[in-house]
Amino acid sequence: LTFSCILKICGDVGSIEEGYHIHSEIERKGLFDQDLGIGNALVDMYTKCGRITKAQLVFDELPAKDVASWNTLIAGYAQCAESEVVFSTFDRMIEHGVAPTLVTFVIIINACCHAGLVDRGENYFRMSKDCGIIPTLEIYTCMIDLFSRAGQFDKTLIMIKEMPYQADLAVWRIILGACQKWGNVELGRWAFENAMHLDDKEAVAYVCMCNIYLDAGMHQDAEEIMAMQKQKQLMVSSVDISGES
């Protein structure tokens, strides 16, 4: 447990030299073959430090592999933007009889999202349901991101309508960012209004909406958004000062 915790810290801060040292200690004490958790922690540490080749070597040497082992390796390749390797590793996982989890599909769909593979992402989403996985807000958000990045806003709207959850700020930020990219003023305005309904001090929403208007040449509307944001900031500052006094 101690070694696993230290390896997590090494991965989080990118301390690869310390990670190598801990790996050597684990080997010296003969713990690698005794505890799958330590093996998974090593794979995780190397992927987070960007040493995906080393992570693959450690993974291959694991005496046993569970779904966490596969998810960690798949996430590592996704982090390195190796989308094709992500998919082939997923296929090998299925071939080995390991059932994917919600985490697996979130990683896979995110990889599709960053690679712009909409059809493939949709296939994995359907596959997750076929595997008996109940879609969460997180996986719906991945799909909304997938469609929005590709400018397929009709599918974005269908997904928002169909999902049994209320869209949160993360969803509206995604749509606003995509609307800025694709110049969709109308949808951007709708996303902005929904974001304001949840939090009228959401800075990202103001910035995105202002940029959407500016890119569309709607300078007066952009100025109104900036004025609205300044007003909210002044109101917050006023409340803070009152509270301190």
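If you read the sequence from its start, that first residue is 1, and numbering goes on from there. Computed from a prediction, not measured in an experiment: that's the story for all the values here.
To the nearest 0.5 angstrom, I175 atom CD1 is 5.5 Å from I144 atom CD1. With values rounded to the nearest 0.5 angstrom, D215 atom CG is found 14.0 Å from W182 atom CH2. Taking NZ of K232 as the start and CE of M196 as the end, the distance is 8.5 Å to the nearest 0.5 Å. A distance of 6.5 Å separates CG in L62 from CG in L36, rounded to the nearest 0.5 Å. A distance of 7.5 Å separates CE of M45 from OH of Y20, quoted to the nearest 0.5 Å. Rounded to the nearest 0.5 Å, atoms CZ (F192) and SG (C179) are 13.0 Å apart.
Using a 3.5 Å distance cut-off with no hydrogens or angles, the side chains of N40 and T72 do not pair a donor with an acceptor. A donor-acceptor contact under 3.5 angstrom links the side chains of R126 and N123, judged on distance only. In this model, a donor atom of one side chain and an acceptor atom of the other lie less than 3.5 Å apart for Q56 and Y77. Side-chain atoms of H219 and E223 form no donor-acceptor pair, as typed in the model, at a separation below 3.5 Å. There is no side-chain donor-acceptor pair under 3.5 Å between S88 and D91.
For the pair P135 and M163, the minimum side-chain heavy-atom distance is 4.5 Å or more. With a 4.5 Å cut-off on side-chain heavy atoms, L146 and F125 do not count as touching. Residues S128 and I139 are in side-chain contact: their nearest non-hydrogen atoms beyond the backbone lie under 4.5 Å apart. Residues R120 and I109 form no side-chain contact, since every pair of their non-hydrogen atoms from C-beta on lies 4.5 Å or further apart. Between L7 and I26, some side-chain heavy-atom pair lies under the 4.5 Å cut-off. Using a 4.5 Å cut-off on side-chain heavy atoms (C-beta onward), Q166 and L198 make contact. The side-chain heavy atoms of D154 and Q152, taken from C-beta on, include a pair separated by under 4.5 Å. The closest side-chain heavy-atom distance from Y124 to F87 is below 4.5 Å.
A salt bridge links D145 to R149: at least one charged side-chain nitrogen sits closer than 4.0 Å to a carboxylate oxygen. With salt bridges taken as basic N to acidic carboxylate O contacts below 4.0 Å, none links R189 and E186.
The aromatic rings of W70 and F59 stand perpendicular to each other, their planes meeting at an angle above 60°, with 30° marking the opposite boundary.
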Determine whether I16 and C10 satisfy the following criterion, side-chain contact (heavy atoms from CB on, under 4.5 Å), listing intermediate values before the conclusion.
CA-CA 7 Å; I16 187 61; C10 290; over 6 Å; no
Start with the C-alpha gap between K201 and Q229, add the side-chain angles, then the distance that decides, and say whether side-chain contact (heavy atoms from CB on, under 4.5 Å) holds.
CA-CA 7 Å; K201 298 179 290 297; Q229 183 181 20; over 6 Å; no
Show your reasoning for whether side chain to side chain donor-acceptor pair (under 3.5 Å) applies to H23 and E27.
CA-CA 6 Å; H23 188 175; E27 294 279 10; 3.3 Å; yes
Apply side-chain contact (heavy atoms from CB on, under 4.5 Å) to residues L157 and K161 and explain how you reach the verdict.
CA-CA 6 Å; L157 294 173; K161 183 179 179 180; over 6 Å; no
I'd like to know whether T53 forms a side-chain contact (heavy atoms from CB on, under 4.5 Å) with Y46, so could you lay out the CA-CA distance, the side-chain angles of the two residues, the decisive distance to 0.1 Å, and finally the verdict.
CA-CA 8 Å; T53 301; Y46 282 123; over 6 Å; no
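Contact between I52 and G76 at its shortest, heavy atoms only, is CD1-C, 3.6 Å. Closest heavy-atom contact between C208 and L176: CB-CB, 3.8 Å. Taking all atoms of both residues into account, the shortest heavy-atom contact from F32 to G39 is CE1-CA, 4.1 Å. Heavy-atom minimum distance, T47 versus D44: OG1-O, 2.7 Å. Listed here is the closest heavy atom pair of I133 and P100: CD1-O, 3.8 Å. Taking each heavy atom of G11 and C49 in turn, the nearest pair found is CA-SG, 4.2 Å.
Looking at N184, its side chain never comes within 3.5 Å of a backbone N or O of Q180 through a donor-acceptor pair. With hydrogens and angles ignored, the 3.5 Å screen pairs a side-chain donor or acceptor of N110 with a backbone N or O of V106. The backbone N or O of R92 lies less than 3.5 Å from a partner atom in the side chain of H96, making a donor-acceptor pair. No side-chain donor-acceptor contact under 3.5 Å links E82 to the backbone of A78.
Grouping the Ile, Leu, Val, Met, Phe, Trp and Tyr side chains by contacts below 4.5 angstrom, directly or via other members, places W172 apart from V185. I212 and M226 are assigned to two separate hydrophobic clusters, defined by single-linkage of ILVMFWY side chains at heavy-atom distances under 4.5 Å. Hydrophobic clustering (ILVMFWY, side-chain heavy atoms < 4.5 Å, transitive): V67 and F90 are in one cluster. A continuous path of hydrophobic side-chain contacts links V171 to Y165 [ILVMFWY only; heavy atoms under 4.5 Å]. No path of Ile, Leu, Val, Met, Phe, Trp and Tyr side chains, each step under 4.5 Å between heavy atoms, connects L187 with Y206, placing them in separate hydrophobic clusters.
Annotation for E138: atom CD does not count as buried by contact number, only 12 or fewer foreign heavy atoms lying within 6.0 Å. Atom NZ of K8 has 12 or fewer neighbouring heavy atoms from other residues, nucleotides or ligands inside a 6.0 Å radius.
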